[in-house]
Amino acid sequence: MEAIERYIIECTSPQGEALDWLQKQTNIRTNHARMLSGPVQGRFLKMIVEMCGARRVLELGSFTGYSGICLASGLPEDGHLDTLEINDELEDLILEGFSRAGLRERISLHIGDCLETLKRFREEGREPYDLVFIDANKRDYPEYYELVFDLVRPGGWILADNVLWDGKVVLDPLPQDRQTLGIDSFNRRVASDPRVESVIIPIRDGLNLIRKLQ
């Protein structure tokens with residue numbers, strides 16, 4: 001870890017016991033602990049929910065539930081988070097983390113493919129979300145964007161993770177793997193979309209903060 005990263009973590013509010021436990025369990029029980037949001041991005045997620053006054057939040061890509069806990073921690077008492085995860089083997093760990101954080105009743109976990117779940121949500125005519133956090137399959141980011149757009153209220157927010165993709169998005173020539181192409185296509189689609197305003201924030205692997213104008 002770079003010295004500046006250690007300094008940032010040291011000078012950021014601590015993540016708390018439930019997230020300490022989940023971070024440790026993620027390292028022990030999965031092979032992809034690097035996917036964890038971590039204490040700095042996690043605190044940012046919580047504060048973004050609080051700053052925009054979100055009551056309804058949708059998350060694409062739960063992984064082990066760390067980011068879901070951070071998002072739900074910023075909600076008011078009557079707020080709710082719907083979080084989507086394709087890997088059913090993680091369900092028990094996710095739900096235990098939610099319980100340890102005291103947020104089990106404030107979060108609904110939906111196991112299944114994000115694209116199919118989003119299509120079902122649209123068909124159900126769900127109440128609009130105040131904030132959507134996209135952190136699932138990178139190759140599908142452009143399709144996620146189109147599917148969630150009408151699920152977000154006017155003036156609401158979309159936040160997308162990993163939009164710098166370890167710097168691959170600025171390589172010349174651009175790598176032609178589907179993940180890099182998906183991320184780059186998403187970023188450029190958002191930047192040229194007159195329905196939104198956006199800014200990429202270089203926290204961790206990059207967050208694209210998008211406000212829906214109408």
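The residues of the chain are indexed from 1 along the displayed sequence.
Side-chain atoms of Val163 and Val169, non-hydrogen and from C-beta on, never get closer than 4.5 Å to each other. Inter-residue side-chain proximity for Val196 and Asp193 is flagged as met; some heavy-atom pair is nearer than 4.5 Å. With a 4.5 Å cut-off on side-chain heavy atoms, Ile200 and Leu209 do not count as touching. Looking at heavy atoms from C-beta onward, Cys70 lies in side-chain contact with Leu19 at the 4.5 angstrom threshold. Side-chain contact between Asp140 and Cys114: absent, with no pair of heavy atoms (C-beta onward) separated by less than 4.5 Å. Looking only at side-chain heavy atoms (C-beta outward), Asp161 and Gln41 come within less than 4.5 Å of each other. Side-chain contact between Leu45 and Ser37 is present, with heavy atoms from C-beta onward closer than 4.5 Å. Contact annotation: the side chain of Arg106 never approaches that of Leu81 to less than 4.5 Å [non-hydrogen atoms, C-beta and beyond].
Judged by distance alone, the side chain of Asp166 and the main-chain N or O of Lys168 form no donor-acceptor pair under 3.5 Å. Checking side-chain atoms of Arg43 against main-chain N and O of Pro14 turns up a donor-acceptor pair under 3.5 Å. Not a single donor-acceptor pair under 3.5 Å links the side chain of Asn27 to the backbone N or O of Ala33. Looking only at distances, no side-chain donor or acceptor of Glu146 sits under 3.5 Å from a matching main-chain atom of Tyr144. The backbone N or O of Pro128 sits less than 3.5 Å from a side-chain atom of Arg56, completing a donor-acceptor pair. A donor-acceptor distance shorter than 3.5 angstrom exists from the side chain of Ser192 to the backbone of Arg188, with no hydrogens or angles considered.
For the atom pair CG (Leu109) and CD1 (Ile111), the distance works out to 4.0 Å, reported to the nearest 0.5 Å. Between the CG atom in Asp205 and the CE atom in Met35 there is a gap of 11.5 Å [rounded to 0.5 Å]. Separating the CG atom in Leu22 from the CG atom in Leu36 is a distance of 6.5 Å, to the nearest 0.5 Å. Atom-to-atom distance recorded for Ser62:OG and Ile86:CD1 is 11.5 Å, nearest 0.5 angstrom. Interatomic distance, OG1 of Thr180 versus CG of Leu171, reported as 8.0 Å (0.5 Å rounding). Between Glu143 atom CD and Leu118 atom CG the span is 9.0 Å, to the nearest 0.5 Å.
When all heavy atoms of Leu103 and Ala72 are compared, the pair lying nearest together is CD1-CB, 4.0 Å. Scanning both residues, Gly68 and Ile107, for their nearest heavy atoms gives O-CD1, 4.1 Å. Cys52 approaches Trp157 most closely through the heavy-atom pair CB-NE1, 3.5 Å. Heavy-atom minimum distance, Ser67 versus Gly61: OG-O, 4.4 Å. When every heavy atom of Gly112 is checked against every heavy atom of Thr117, the shortest pair comes out as C-OG1, 4.2 Å.
A single hydrophobic cluster is seen to contain both Leu84 and Val148, as judged by linkage of ILVMFWY side chains at heavy-atom distances under 4.5 Å, directly or through other members. Residues Ile69 and Leu131 fall within the same hydrophobic cluster, defined by Ile, Leu, Val, Met, Phe, Trp and Tyr side chains chained together at heavy-atom separations under 4.5 Å. Hydrophobic clustering (ILVMFWY, side-chain heavy atoms < 4.5 Å, transitive): Leu58 and Ile210 are in one cluster. Under a hydrophobic-cluster definition in which Ile, Leu, Val, Met, Phe, Trp and Tyr are linked whenever side-chain heavy atoms come within less than 4.5 Å, directly or via other members, Val152 and Leu213 are assigned to different clusters. Under the 4.5 Å side-chain heavy-atom criterion for Ile, Leu, Val, Met, Phe, Trp and Tyr, Leu60 and Phe149 are members of the same hydrophobic cluster.
Between Glu127 and Arg55 a salt bridge is recorded (basic side-chain N to carboxylate O distance below 4.0 Å). With salt bridges taken as basic N to acidic carboxylate O contacts below 4.0 Å, none links Lys138 and Asp184. Here Arg120 pairs with Glu124 in a salt bridge; the nearest charged N to carboxylate O distance falls below 4.0 Å. Between Arg100 and Glu96 there is a salt bridge, with a side-chain nitrogen of the basic residue lying less than 4.0 Å from a carboxylate oxygen of the acidic one. In summary, Arg126 and Asp82 engage in a salt bridge, as defined by a charged side-chain N under 4.0 Å from a carboxylate O.
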Evaluation steps, side chain to side chain contact (heavy atoms under 4.5 Å, CB included), between Phe44 and Val49: CA-CA 9 Å; Phe44 180 82; Val49 172; over 6 Å; no

Residue pair His32, Phe63: steps toward the ring-ring contact (aromatic ring centres under 6.0 Å, His included) verdict: CA-CA 9 Å; His32 305 286; Phe63 187 39; 7.3 Å; no

Leu75 vs Val57, side chain to side chain contact (heavy atoms under 4.5 Å, CB included): CA-CA, chis, key distance, verdict: CA-CA 9 Å; Leu75 290 168; Val57 177; 3.7 Å; yes

Chi angles and distances behind the side chain to side chain contact (heavy atoms under 4.5 Å, CB included) call for Arg211, Ser198: CA-CA 6 Å; Arg211 180 173 176 264; Ser198 65; over 6 Å; no

Criterion side chain to side chain donor-acceptor pair (under 3.5 Å) on Thr83 and His110, from CA distance to verdict: CA-CA 6 Å; Thr83 183; His110 306 265; over 6 Å; no

Intermediate values then yes/no, side chain to side chain donor-acceptor pair (under 3.5 Å), Gln15 and Tyr66: CA-CA 10 Å; Gln15 61 188 0; Tyr66 186 103; 2.3 Å; yes

Intermediate values then yes/no, side chain to side chain contact (heavy atoms under 4.5 Å, CB included), Asp135 and Asn162: CA-CA 7 Å; Asp135 190 19; Asn162 303 115; 2.9 Å; yes

Thr64 and Gln25: CA distance, side-chain angles, deciding distance, side chain to side chain donor-acceptor pair (under 3.5 Å) verdict: CA-CA 9 Å; Thr64 58; Gln25 293 302 311; over 6 Å; no

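Applying the 6.0 Å contact sphere to CZ of Arg189 captures more than 12 heavy atoms from other residues, nucleotides or ligands.
Aromatic pair Tyr145/Tyr141: centroids not less than 6.0 angstrom apart.
Legend: residues meeting salt bridge (charged side-chain N to carboxylate O under 4.0 Å, His left out) with Glu50, ordered by chain and number and at least two apart, are Lys46.
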